[in-house]
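Only one structure is covered here, and it is reproduced in the block below.
Whatever order the structure lists them in is the order used to number ligands and atoms, beginning at 1.
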Amino acid sequence: MEMIAARAALAALREGNRRFVNKLKTGSVSGVDSGGGARRRELPPPAVQAPGAIVLGCSDARVPAEIVFDQGLGDLFVIRVAGNIVAPSQIGSVEFAAAAFGTRLVVVLGHTNCGAIHATLEQLARPSREQSRNLRSIVDRIRPALESLLEQDPQRDPRTLEQQAVRANIRMSANQLRHGSQLLEQLIADDGLLVVGAEYSLETGVVEFFDGLPP
Ligand SMILES: [Zn+2]
């Protein structure tokens, strides 16, 4: 893994933002056609926020929601946290977007080869007291999904276990969003809010929606 010194990284971000602003000025920032394709790709973000979907994704640098779904400015309301876990601040963010913008699709987006899942499996296999309290708060949110997997079949081979763990964690997060708040429960029951789980493959780029899909 290449380590980038802070100053160089900061310079790259500044330069990148300058390029971005130039593209905005010249009208070549990518966006997407939403719905009937009425929106032109060249448009800057709409003045009013009206995202088509809320995405709770992992912070992994390789899985930026806007890029993997080919969406533009203003199209997605994205919450990213290591392991796409659900803590009160994530539920609050989803509540906010669903209530304020009327967005009716929530996607929990996990991915193959997730470092947070890996760290949790490690912690289950070899508990270490050295983990920081803050990192532990993430691992502790992932742990229940993996523990029930391990209970079902402790002899699973490690690769299969890791693959199933990623999906179990996505399912758990989606369920926590479905039942973690009165507001969201009510929007699901009465107002068409849909929470689905999906997995992004780092190997192929394909997002597979596998949880909570309408019949
Ligand atoms: Zn991850």
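A search for side chain to side chain donor-acceptor pair (under 3.5 Å) contacts involving Gln131 returns nothing, not counting sequence neighbours.
Near-neighbour remark for the Zn ion (ligand 1): protein N, O or S atoms under 2.8 Å are Cys58 SG, His111 NE2, Cys114 SG; waters not counted.
In the model, Ser128 has no side-chain atom that pairs as donor or acceptor with a side-chain atom of Glu130 under 3.5 Å.
Test Arg167, Gln163, His111 against Glu199 for side chain to side chain donor-acceptor pair (under 3.5 Å) and you get one pass: Arg167.
Classification of Asp157 and Arg159 as a salt-bridged pair fails, no side-chain N sitting under 4.0 Å from a carboxylate O.
The backbone N or O of Pro51 lies less than 3.5 Å from a partner atom in the side chain of Thr103, making a donor-acceptor pair.
Looking at Leu24 and Leu73, their side chains come closer than 4.5 Å, going by heavy atoms from C-beta outward.
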